[in-house]
Amino acid sequence: MVKNQRSTFGGFSACRSAALEAARAYARMGYPVLPLHPGEKRPHPGLVPHGLKDATGDPATLEAWWRACPEAGVGLLPPEGVLVLDVDQGEVWEALRRDFPPLEAAPRQRTPKGGRHVFLRLPEGVRLSASVRAIPGVDLRGMGRAYVVAAPTRLKDGRTYTWEVPLVRPEALPPVPQALLLKLLPPPPPPRPAWTPVEGASPARLRALLEAYAAQVARAPEGTRHPTLLRYGLAAFGLVAHGLDPREAEEALLEAALASGLPEKEAREVLRWARQVGEAKPLPLAPPGFSANGGVFRKAVCGKPEPSPSQKSVFRKAATYRIGGLRKRRGVV
């Protein structure tokens, strides 16, 4: 485990020598490291020209980096599966740990502004987008895609990062509390409205919803396939409580995920977790509405608004009337 080494060595020059030791300790635990420009948060351009892509745990490379620039700070790239909550203010952290008590025991470091970096483990097969801002004042870092500044890095104004709860290996991190994880997952975007006659959660409606979810998964572009499958998987398995067969949902979504180019192993892992969570959290279904002529309709999931047969008849009569009047005015008839 890594502790704040400033107290061990004391003074600014001691932090320089402590940086290499901390980098080695992080690397031994399984966290790739990169050097930061002295006194700043950005990667050192001369040592890691490709930024976080150059992060490594290789001891010889770490030795060469800090011999070349002993004043460099330490950047940590948490591997895939490790989520870091970047809490920007102390007040936000207080509210967060009040709402999710298990966070109190998670490895975390205090930032110079009084915020926190909280290290957690994601469930197998689950990925989150680093662009999600589901909780005000909290950014998502790590996951092999976003680095964090780590102790004993010192900024130009003398402020430092310090560990409040020591870091541990990725596999030993506590899991993300499920209530928090569900909060971080964006809900499926609302389907395009289309009107089709159904009643409540009929088999036809459930099948139409599943087909629409599968279509979205199948057409997901590269870079969005995993989160798209996760979002629509949660929605689809949320229909199980309404009568949808979970095996039917899994088969349809798996076929769609493979069609999009997602590896089968990855797709099955996502669906396994989505089923576990989705079945426990039924998806709310809006009740059917009523059309102007008294027919029962519901919002379907794709396509353009589809009028009922009676509405089509009215539309045809109105169109015929308008066209006939237009022809009379123009002297056609």
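For this chain, numbers begin at 1 and follow the sequence in order.
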Out of curiosity, Ile135 CD1 to Leu184 CG, how far, rounded to the nearest 0.5 Å? 5.0 Å
Could you tell me whether a side-chain N or O of Glu255 sits under 3.5 Å from a main-chain N or O of Ala218, the two making a donor and an acceptor? no
Is any side-chain N of the basic residue among Arg207 and Glu211 closer than 4.0 Å to the acidic one's carboxylate O? yes
Is there a donor-acceptor contact under 3.5 Å from the side chain of Thr228 to the main chain of Thr224? yes
If you look only at pairs with a residue in residues 29-50, which of them pass as a ring-ring contact (aromatic ring centres under 6.0 Å, His included), with sequence neighbours excluded? His37-His44
With a 4.5 Å heavy-atom cut-off, do Val165 and Val118 have their side chains touching? no
Cationic N near anionic O, under 4.0 Å, Arg268 to Glu264: yes
Flag, side chain of Arg121 to backbone of Leu173, donor-acceptor distance under 3.5 Å: yes
Of all the heavy-atom pairs spanning Pro246 and Phe237, show the shortest one and how long it is. O-CE2, 3.6 Å
Identify the two heavy atoms, one from His117 and one from Thr111, that lie closest to each other, and give their separation to 0.1 Å. NE2-CG2, 3.6 Å
Reported CD-to-CZ distance for the pair Glu63 and Arg24, which is rounded to 0.5 angstrom: 4.5 Å
Under the 3.5 angstrom rule, does the side chain of Trp65 hit a backbone N or O of Leu34 as a donor-acceptor pair? no
Kindly give the heavy-atom pair with the smallest separation between Ala220 and Ser260, and that separation in Å. O-CB, 4.3 Å
Nearest 0.5 Å please: distance from the CG atom of Leu230 over to the CG atom of Leu128. 7.5 Å
Which atom of Asp58 lies closest to which atom of Thr56, heavy atoms considered: N-OG1, 3.0 Å
Please lay out, stage by stage, how Glu269 and Lys265 fare under the test side chain to side chain contact (heavy atoms under 4.5 Å, CB included). CA-CA 6 Å; Glu269 288 176 350; Lys265 181 181 179 182; 3.6 Å; yes
Hey, is Glu250 close enough to Arg247 for a salt bridge, meaning N to O under 4.0 Å? no
Would you find a donor on one side and an acceptor on the other, under 3.5 Å apart, between the side chain of Arg169 and the backbone of Arg28? yes
NZ (Lys281) and CG (Leu182) are apart, to the nearest 0.5 Å, by 5.0 Å
Close side-chain approach of Leu234 and Val277, heavy atoms under 4.5 Å: yes
Close side-chain approach of Asp88 to Asp139, heavy-atom, < 4.5 Å: no
Rounded to the nearest 0.5 Å, how far does NZ of Lys41 lie from OH of Tyr161? 4.0 Å
Listed partners of Glu124 passing side-chain hydrogen bond (donor to acceptor under 3.5 Å, both in side chains), at least two apart: none
So, the side chain of His226 versus the backbone of Arg127: is there a donor-acceptor pair under 3.5 Å, distance only? yes
Name of the residue among Val82, Leu83, Leu76, Val84 meeting side-chain contact (heavy atoms from CB on, under 4.5 Å) with Arg141: Val84
Within the side chain of Gln216, is there an N or O that forms a donor-acceptor pair under 3.5 Å with the backbone of Tyr232? no
Does a side-chain heavy-atom distance below 4.5 Å link Glu40 with Lys156? yes
Just by modelled atom types, is the Ala95 backbone N or O under 3.5 Å from a matching donor or acceptor in the Arg97 side chain? no
Do Leu209 and Leu283 have side chains that get closer than 4.5 Å, going by heavy atoms? no
Just one of Val48, Leu47, Thr61, Leu77 clears the side-chain contact (heavy atoms from CB on, under 4.5 Å) bar with Asp54, so which one? Val48
Taking everything shown except Glu222 itself, do over 12 heavy atoms lie less than 6.0 Å from its CD? no
Apply side chain to side chain contact (heavy atoms under 4.5 Å, CB included) to Leu122 and Leu181, showing your working. CA-CA 9 Å; Leu122 286 168; Leu181 184 57; 4.0 Å; yes
Sorted by first residue and then second, give each ring-ring contact (aromatic ring centres under 6.0 Å, His included) pair with at least one member in residues 118-157; sequence neighbours left out. Phe119-Trp163
Is any side-chain heavy atom of Leu103 less than 4.5 Å from a side-chain heavy atom of Leu120? yes
Electrostatic pair Glu266:Arg225 at N-O distance under 4.0 angstrom: no
Nearest 0.5 Å please: distance from the CD atom of Glu279 over to the CG atom of Leu239. 11.0 Å
Which pair of heavy atoms, one from Pro102 and one from Pro177, lies closest together, and at what distance? CB-CG, 4.1 Å
Heavy-atom side-chain proximity of Phe100 to Leu96 below 4.5 angstrom: yes
Which heavy-atom pair separates Ala257 from Leu229 by the least distance, and what is that distance? CB-CD2, 3.8 Å
Should Arg116 and Arg110 count as side-chain neighbours, where that means a heavy-atom distance under 4.5 Å? yes
